[in-house]
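Scroll down for the structure; my scribbles are underneath it.
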Amino acid sequence: MKIVVAYKWAPNPQDLEVRADGTVDEARGKPAVSEYDPVAFELARRLADETGGEVVGLTVGAAAIDTPLARKAALSRGLDRLVLVADDALAGADSTRLAAVLAAAVRAIGGVDLVLAGDSSVDVAEGQVPLTAAAQLGWLGLGRVTAVTPAAEGLSVERDTPAGVAVLAVRTPVVLAATADAVVPRVAGMKDILAAAKKPVEVLALAALDVPAPAVTLATLGTAKPSGGDRRAVLFDGSDPASAASQLVGALRSAGVL
Amino acid sequence: MNASNASQSWVVVADDPAVTGLVEVARTVADEVVAVVVGARPVADTVAAGVDRVVWLGEPGAVPLEAFAPQVAELVAAARPVAVVGAATPAGRALLGAVAARTQAPVLGGVRTVSVADGRVVVTHAVMGGIAERTVALEGGPAVLAVEAGAVPAGGATAPVAEVAGAPLDAATVTQVRPKVRAGVDLGAASVVVGVGRGLKAEADLGLIRGLAAAVHGEVACSRPLAEGVEWLPKESYIGISGQHVAPDLYVAVAISGQLQHMVGVRDAKVIVAVNNDKNAPVFGQCDYGVVGDLYQVVPALTAALGGSDD
Ligand SMILES: Cc1cc2nc3c(=O)[nH]c(=O)nc-3n(C[C@H](O)[C@H](O)[C@H](O)COP(=O)(O)OP(=O)(O)OC[C@H]3O[C@@H](n4cnc5c(N)ncnc54)[C@H](O)[C@@H]3O)c2cc1C
Ligand SMILES: Nc1ncnc2c1ncn2[C@@H]1O[C@H](COP(=O)(O)O)[C@@H](O)[C@H]1O
């Protein structure tokens, strides 16, 4: 079984600075493998070991996603090899465009049975890319996946749905996005980090991929720093809990919320 | 996609009749709202109370609703609507993703306002996990929008429901559903919510939080780690960017650090109170009132000051 793990190399927006005019200064952000994507790496590795398969990491984005540190961070998490599409034309790309490039890269890799992804990315956090990518490929895409095991014909997949845990018989190829707590990912050890340096990396040129052109143009009319971030905290010292509590309750009563 | 049908917008429904939020947005940009419903017939009938026309894809049986996504996309694209609106849920996003792939239009999430100006759809939405907002005007294709689902439409006028034979991808069959044991919670309706985070040491200590919630007539909620990971509370109880968005009169964050991904879910709360023993916790920069102290002392004191009792 040939498994692609789609993962994102991105900063936590908590560490970014938003200017007063609502534009974002990304300079201070420290990109990393997106918080929940190691779950997808782990699911992929376990499945590949059970089926004698291969795990290919895949990430797409601006040129800055391809650094020695970024390569090592991904390759030390149980991948057999890595494929990147790193082009500044993808800076700030929306989920449809990222999904189109991912789908084109999956086609270029060829013979892929399964694309595994994380729940939602640390920066955008919409859980949209894998589902759009599935549609770009013409494959079924399922989110909320909590378990994947090999089955007679394809895969047995468990999902967390509003009604309960659904068990599905799934034929490949398919795109699956894992829940954040599907499995506990292993922590990369020194051996994994050293081995990472020797694993193959392939950089696909964006121009060489068959990516459909975006149909919609977005004209930015304005940006803003969201309101609500400017609450001014009145702090009470809890070292005297009873006094802090009565002050707080008093304040809430006069504010009319109790 | 040129020459969109400017008078029509579509809502895509993934087995969940809570569509008032979708319809409201769809109506701001077009006179006629058409729903395409994947799911059982009663879902289509319920949705019919809120829209002008329903296209129903038949009983899904054991086929997961995501398998209908390509067909939904074809139907929507053929109508060339000015906007396509779906729920910002995993199921809703599967349908929206197919529409996006079919039309090569972006899916805009975190939607705050939608309007039409000079014949273009204008959307203000949160970006980068909610740290910033952006207003954009769209041209060249439909506005594909992921919005808060809202409520189930009240009965009344019922639009016609037309059945179109379902043509799902032949790729998966649901073989079993193990029902949830825990009942859901309705945080959306609560005027007071008490959220608890990873500073709580043991599951048994939830009693303290329940006591406080009872004293303020509120519901108990939590940060993600308490619902996913340790599972001390049901998944429907966690608040944040991937969880529930709530706008109560009062939100009390107990032993929650105040990470962006959590606080986005309560940004519309009227008053936010934080209890945390770390005076440098980011939550103190995002609340109206704070108590710097140990929850194991502050929460019982607060419950008592409110006239409640610990259990
Ligand atoms: C893509 C993505 C999506 C996410 N979505 C969500 C989401 O929807 N919702 C969500 O909640 N999180 C979400 N997260 C996780 C989020 O980033 C934080 O990790 C999480 O909110 C932290 O939870 P916490 O505040 O309970 O825990 P911590 O950050 O560990 O904070 C615990 C706090 O408790 C305090 N404390 C400890 N002991 C005591 C005591 N005795 N008395 C008082 N205070 C005490 C500590 O000072 C600390 O501030 C998401 C993350 C990512 C990457
Ligand atoms: N640029 C990207 N390259 C590869 N995978 C991605 C990219 N963006 C998102 N993904 C995958 O899609 C998941 C959901 O991302 P999002 O839709 O941004 O919340 C992530 O957890 C990744 O697994």
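In what follows, every heavy atom counts, from backbone to side chain, and hydrogens, waters and symmetry copies are set aside. Below, read A as the first sequence line, B as the second, and so on, with proteins coming before strands; counting in each chain starts at 1.
Contacts of B/Leu65 with chain A are absent, with no heavy-atom separation under 4.5 Å from either backbone or side chain. In this structure, chain B has heavy atoms under 4.5 Å from both the backbone and the side chain of A/Leu235. Heavy atoms closer than 4.5 Å to chain A are found nowhere in B/Lys279, neither backbone nor side chain. In this structure, chain A has no heavy atom under 4.5 Å from any part of B/Arg102. Using a 4.5 Å cut-off between heavy atoms, B/Pro70 does not touch chain A at all. Residue B/Val121: no heavy atom, backbone or side chain, is found under 4.5 Å from chain A. For B/Val122, the part lying near chain A is the side chain, with the backbone staying farther off; criterion is any non-hydrogen pair under 4.5 Å. For a residue to count as touching a neighbouring chain, one of its non-hydrogen atoms must lie under 4.5 Å from one of that chain's; by this rule A/Arg97 does not touch chain B. In this structure, the portion of A/Ala213 lying under 4.5 Å from any heavy atom of chain B is its backbone and not its side chain. Neither the backbone nor the side chain of A/Pro11 comes within contact range of chain B; no heavy atoms are under 4.5 Å apart. Neither the backbone nor the side chain of B/Ala69 comes within less than 4.5 Å of any heavy atom in chain A. With a 4.5 angstrom heavy-atom cutoff, A/Thr220 touches chain B via backbone and side-chain atoms both. Using a 4.5 Å cut-off between heavy atoms, B/Leu302 touches chain A through backbone and side chain atoms alike. A/Val157 does not touch chain B: none of its heavy atoms, backbone or side chain, sits under 4.5 Å away. Neither the backbone nor the side chain of B/Asp294 comes within contact range of chain A; no heavy atoms are under 4.5 Å apart. Using a 4.5 Å cut-off between heavy atoms, B/Val216 contacts chain A through its side chain alone, with no backbone atom that close. Interface residue B/Ser242: only side-chain heavy atoms are found under 4.5 Å from chain A. With a 4.5 angstrom heavy-atom cutoff, A/Val24 touches chain B only via side-chain atoms. Using a 4.5 Å cut-off between heavy atoms, B/Val273 touches chain A through its side chain atoms alone.
Of the charged side-chain nitrogens involved, none lies within less than 4.0 Å of a carboxylate oxygen, so that B/Asp288 and A/Arg232 do not count as a salt-bridged pair. A/Arg171 has no carboxylate O lying under 4.0 Å from a charged side-chain N of A/Asp113, or vice versa, which leaves the two without a salt bridge. For A/Asp181 and B/Lys235, the salt-bridge test passes: some basic side-chain N is under 4.0 Å from an acidic carboxylate O. Classification of A/Glu35 and A/Lys8 as a salt-bridged pair fails, no side-chain N sitting under 4.0 Å from a carboxylate O. The pair A/Glu26-A/Arg19 does not meet the salt-bridge criterion, since no charged nitrogen lies less than 4.0 angstrom from a carboxylate oxygen. A salt bridge does not link A/Arg28 with A/Asp15: none of the charged nitrogens is closer than 4.0 Å to a carboxylate oxygen.
Contact count versus chain B (heavy atoms, under 4.5 Å) is highest, among A/Gln128, A/Arg159, A/Gln136, for A/Gln128. In terms of heavy-atom pairs under 4.5 Å with chain B, the best-connected choice from A/Leu155, A/Asp160, A/Leu137 is A/Asp160. Counting heavy-atom pairs closer than 4.5 Å to chain B, the top residue among A/Pro212, A/Pro173, A/Ser95 is A/Pro212. Between chain A and the residues B/Val127, B/Leu169, B/Asp16, the largest count of heavy-atom pairs under 4.5 Å involves B/Leu169. Top candidate by heavy-atom pairs under 4.5 Å with chain A, chosen from B/Thr124, B/Leu108, B/Ile241, is B/Ile241. Chosen from B/Val174, B/Thr173, B/Val291, the residue pairing most often with chain A at heavy-atom distances under 4.5 Å is B/Thr173. Among the candidates A/Asp94, A/Thr223, A/Thr217, A/Val18, the residue making the largest number of heavy-atom pairs closer than 4.5 Å to chain B is A/Thr217. Note: B/Ala137 leads B/Gly293, B/Ala305, B/Gly130, B/Ala137 in heavy-atom pairs under 4.5 Å with chain A. Ranked by heavy-atom pairs shorter than 4.5 Å toward chain A, the options B/Lys270, B/His217, B/Gln261 are led by B/Gln261. Most heavy-atom pairs under 4.5 Å with chain B, from the set A/Ala169, A/Ala255, A/Ala125: that is A/Ala169. Across B/Ala172, B/Pro248, B/Ala171, the residue that shares the most heavy-atom pairs under 4.5 angstrom with chain A is B/Ala171. The most heavy-atom pairs under 4.5 Å with chain B, out of A/Leu131, A/Leu221, A/Thr179, A/Val167, come from A/Val167.
Residues B/Asn276 and B/Val292 form no side-chain contact, since every pair of their non-hydrogen atoms from C-beta on lies 4.5 Å or further apart. Residues B/Val84 and B/Leu145 form no side-chain contact, since every pair of their non-hydrogen atoms from C-beta on lies 4.5 Å or further apart. Under the 4.5 Å side-chain criterion, counting only non-hydrogen atoms from C-beta, A/Val4 is not in contact with A/Leu114.
Of the possible polar contacts, none joining the A/Ser34 side chain to the A/Asp37 backbone as a donor-acceptor pair under 3.5 Å is found. With B/His125 contributing its side chain and B/Gly109 its backbone, the two residues share a donor-acceptor pair below 3.5 Å. The closest donor-acceptor contact from the side chain of A/Glu17 to the backbone of A/Asp25 lies at 3.5 Å or more, if one exists at all.
Within the structure, salt bridge (Lys or Arg N to Asp or Glu O under 4.0 Å) pairs that include any residue of residues 87-96 of chain B comprise A/Glu126-B/Arg93 (at least two apart or interchain). Sorted by first and then second residue, the side chain to side chain donor-acceptor pair (under 3.5 Å) pairs with a member in residues 149-158 of chain A read A/Glu158-B/Arg178; sequence neighbours excluded. Pairs engaging residues 123-138 of chain B under the salt bridge (Lys or Arg N to Asp or Glu O under 4.0 Å) rule: B/Arg112-B/Glu133, B/Glu133-B/Arg267 [sequence neighbours left out].
When all heavy atoms of A/Thr96 and B/Pro106 are compared, the closest pair comes out as OG1-CA, 3.3 Å.
Of residues 237-252 of chain A, those residues lying under 4.5 Å from chain B by any heavy-atom pair are A/Asp237, A/Gly238, A/Ser239, A/Pro241, A/Ala242, A/Ala244, A/Ala245, A/Ser246, A/Leu248, A/Val249, A/Ala251, A/Leu252.
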Practice task
Please test A/Arg144 against A/Asp119 for salt bridge (Lys or Arg N to Asp or Glu O under 4.0 Å), starting from the C-alpha separation and ending with a verdict.
Solution key: CA-CA 7 Å; A/Arg144 310 295 306 157; A/Asp119 172 80; 3.3 Å; yes

Exercise for the section: For side chain to side chain contact (heavy atoms under 4.5 Å, CB included), just list the numbers for B/Val252 and B/Leu250, CA-CA rounded to whole Å, side-chain angles, deciding distance to a tenth of an Å, and then say yes or no. Expected result: CA-CA 7 Å; B/Val252 185; B/Leu250 174 62; 4.0 Å; yes

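Atoms CG and CG, from A/Leu90 and A/Leu206 in turn, are 5.0 Å apart once rounded to the nearest 0.5 Å. Rounding to the nearest 0.5 Å places CD of A/Glu42 at 11.5 Å from CG of A/Leu116.
Below 30°, between 30° and 60°, or above 60°: for A/Phe236 and B/Tyr289 the angle between ring planes is below 30°, a parallel geometry.
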